[in-house]
Student: 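This is the structure I want to talk about, given as C-alpha cells.
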Amino acid sequence: MNEDIKRAILDKIKAYSRIMLFRHIRMDGDCAGSTKGLKEILRLTFPEKEILLVDQQQSEFLKFMGPDDGPAPDEAYRESLAIVLDCSERTRISNPKYALCREIVKIDHHIEADAYGDLNWVEPERSSACEMVVDFYAAFQSELRINAWAATCLYAGMVTDSGRFRFSGVTGDTLRLAALMLDQGVDTETLYANLYLNDYEVLKFRAHVYECMQRTENGVAWVRISREMQARFGLDLETASSAISYMENIRDCLCWLAFIDVEKPEDGIRVRLRSRFMTINHVAERHYGGGHACAAGATVFSVEEMEQLIREADAAAKAYKETHEGWM
Ligand code: AMP
C-alpha cells in the first residue's frame, strides 16, 4: 500500500512544473532536513522544474543548511504542487500560503491528526520524516538523483529526530536508510560539530537548569525557563527550549517537562514533554497540544494550569510505575 502512495506522489511531482515545499513552525532538524534534502533531490532530478522552499524561520544550529528562498507571488503558489513535510496539522504549517497551492501532498511521521493533503503519506512508526524521504528516494533510486549535500541534510534530520538513533522508533530499516545516505559521502565530523558544539554561555545555562529543576513524588522532573532567566543568559527561545533535553537521563524520572515563557504572556507558556517507557502525549492533548507517544508539546495559560499539568504527569508516572516492571 505504501508503495502505491509513493508512486502516486512521484506521479504528482512529475505532473507539475513548480513544486513548493513546506514545514512546521518551530523548525527542528527533521523538518529542516527533510525539506532541504527533498528540494535538492528534486532540483537534481528535474532541472527543468522550479522547486521552492519559502520560509522565514531562522535557527542557529541549522544555519549550516543555508537560507531558504525569498517570498514568491501568490500566483506562483496557485499553479504549484505543495509538499508539506513533518507537519501533522495544517495549523502548524509555517508558511500559511500553502493553502493557495493547487494540490497538497502530506508526508509525515506523526500520529494522523488532520489529513489535510490531497495525498496523505503518513507513517507514525517512522523515526523521522527524513527517513520517509530517504525511503522515497530508495524506492525510485533508478529515477531520482541525489548528492552528498541532500544526503547530509536528510542524515542530519534522521540523527536529530531519533536522538542519535536511540529512540524506540529506530528500526533496522532506519539504519539501512541512514547507511544509504552515508554512502553518498556525508562528512559526519563537520555535521556533528554543527549539531552538537555548544557556546560557553549555553553550558553555563545548562548548569543553572540543573540547579533549578525539580522532581515530583513519582519522578517527574520539571523546570520553568522564565523570561528573566532567558535574559540573564542571553538565550534565544530555541536555546531556552533546549533545556528539555538536559533532563533526559535522570534515573527513575520517566517523564520530564520544560515550561518556557514566550515573549508575550498572552501566548501562554510553551510546554515540552518527554518520557521513556511510559507515554506522555495524552497529557499534552489535555492542554492544547499533542505529538508522539514519548515526545509531545503543549501550551498552558497560567501557573495554576502548569501545576495541574505537572500533577497529571505525576499521576501518569505513578500509574505506570505501579503496573509495570523493568523501568529505570
Ligand atoms: P517539541 O517539544 O515542540 O519538539 O514537540 C515534540 C513533538 O510534539 C513534535 O513532534 C511536535 O510536532 C509535537 N507537538 C508540539 N507541540 C504540539 C502541539 N501544540 N500540537 C500538536 N503536536 C505538537
Side-chain angles (χ1 to χ4, degrees), residues 22-35 55 57 59-62 84-95 106-116 120 122-133 156-164 166-170 195 209 220-225 235-248 255-262 267-276 278-301 305-306 309-310 312-313:
F22 300 87
R23 55 166 81 109
H24 63 70
I25 52 169
R26 289 179 180 156
M27 184 166 66
D28 62 12
D30 191 26
C31 76
S34 56
T35 43
D55 199 68
Q57 299 184 79
S59 163
E60 194 53 36
F61 90 103
L62 295 168
V84 186
L85 290 124
D86 194 33
C87 190
S88 58
E89 289 158 50
R90 72 191 85 189
T91 51
R92 303 190 77 238
I93 300 173
S94 67
N95 177 353
K106 174 186 182 184
I107 300 179
D108 186 36
H109 74 123
H110 296 89
I111 297 158
E112 179 78 283
D114 176 8
Y116 56 76
N120 296 288
V122 176
E123 291 195 37
E125 54 293 336
R126 291 280 186 185
S127 70
S128 63
C130 281
E131 181 181 321
M132 295 177 72
V133 174
M158 295 180 85
V159 164
T160 52
D161 236 40
S162 67
R164 271 202 195 179
R166 265 189 318 128
F167 298 162
S168 58
V170 172
L195 292 178
V209 167
V220 174
W222 65 274
V223 70
R224 181 172 178 189
I225 312 296
L235 306 173
D236 58 22
L237 210 54
E238 186 188 8
T239 313
S241 304
S242 68
I244 186 70
S245 65
Y246 305 163
M247 297 180 287
E248 67 189 7
C255 170
W256 52 104
L257 315 168
F259 298 89
I260 302 110
D261 287 7
V262 296
D267 290 339
I269 303 170
R270 178 185 180 191
V271 192
R272 305 188 80 189
L273 307 91
R274 299 289 185 271
S275 63
R276 64 175 172 275
M278 59 179 275
T279 61
I280 198 63
N281 57 326
H282 53 97
V283 174
E285 281 160 15
R286 283 194 222 123
H287 300 272
Y288 306 97
H292 304 281
C294 297
T299 308
V300 293
F301 290 91
E305 193 183 355
M306 178 180 92
L309 191 152
I310 295 168
E312 288 167 9

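Whatever order the structure lists them in is the order used to number ligands and atoms, beginning at 1.
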Student: Among all protein heavy atoms, pick out the one at the shortest distance from atom 23 (C) of ligand 1; state its residue, atom name and that distance to 0.1 Å.
Tutor: Gly290 O, 3.3 Å

Student: Salt bridge or not between Arg286 and Glu312? Use side-chain N to carboxylate O under 4.0 Å.
Tutor: yes

Student: With atoms numbered from 1 as shown, which atoms in ligand 1 lie under 4.0 angstrom from a non-hydrogen atom of Tyr288?
Tutor: 19 (N)

Student: Which heavy atom of Cys87 sits nearest to which heavy atom of His24, and what is that distance?
Tutor: SG-CB, 3.7 Å

Student: Evaluating non-hydrogen atoms only, which member of His287, His24, Arg272, Glu285 is closest to atom 2 (O) of ligand 1?
Tutor: Arg272

Student: Quick one: nearest non-hydrogen protein atom to atom 12 (O) of ligand 1, plus distance?
Tutor: Arg92 NH1, 3.1 Å

Student: Atoms of ligand 1 less than 4.0 Å from Ala295 heavy atoms?
Tutor: 6 (C), 7 (C), 8 (O)

Student: According to ring pair (Phe, Tyr, Trp, His ring centres under 6.0 Å), who are the partners of His109, at least two apart in sequence or on a separate chain?
Tutor: His292

Student: Numbering the atoms of ligand 1 from 1, which are under 4.0 Å from a heavy atom of His292?
Tutor: 10 (O)

Student: With sequence neighbours excluded, tell me which residues meet side chain to side chain donor-acceptor pair (under 3.5 Å) with Glu112.
Tutor: Lys106

Student: Within less than 4.0 angstrom of ligand 1, does Glu89 place any heavy atom?
Tutor: yes

Student: Considering heavy atoms of the protein only, find what lies nearest to atom 10 (O) of ligand 1 and give residue, atom and distance to 0.1 Å.
Tutor: His110 NE2, 2.8 Å

Student: Would you say Phe301 has more than 12 foreign heavy atoms packed within less than 6.0 Å of its CZ?
Tutor: yes

Student: Tell me: protein heavy atom nearest atom 17 (C) of ligand 1, and distance?
Tutor: Gly297 O, 3.7 Å

Student: Please could you name the atoms of ligand 1 that Gly291 approaches to less than 4.0 Å, counting only its heavy atoms?
Tutor: 8 (O), 13 (C), 22 (N)

Student: Arg26 versus ligand 1: do any nitrogen or oxygen atoms come within less than 3.5 Å of each other?
Tutor: no

Student: Within the structure, does Arg270 bring an N/O atom to less than 3.5 angstrom of an N/O atom in ligand 1?
Tutor: yes

Student: Quick check on salt bridge (Lys or Arg N to Asp or Glu O under 4.0 Å): which of Asp55, Asp86, Asp30 does Arg23 satisfy it with?
Tutor: Asp55

Student: Please check: side-chain N/O of Asn281 versus main-chain N/O of Ala284, any donor-acceptor pairing under 3.5 Å?
Tutor: no

Student: Within the distance-only criterion (no hydrogens, no angle test), does the side chain of Arg272 pair as donor or acceptor with the backbone N or O of Ser241 below 3.5 angstrom?
Tutor: yes

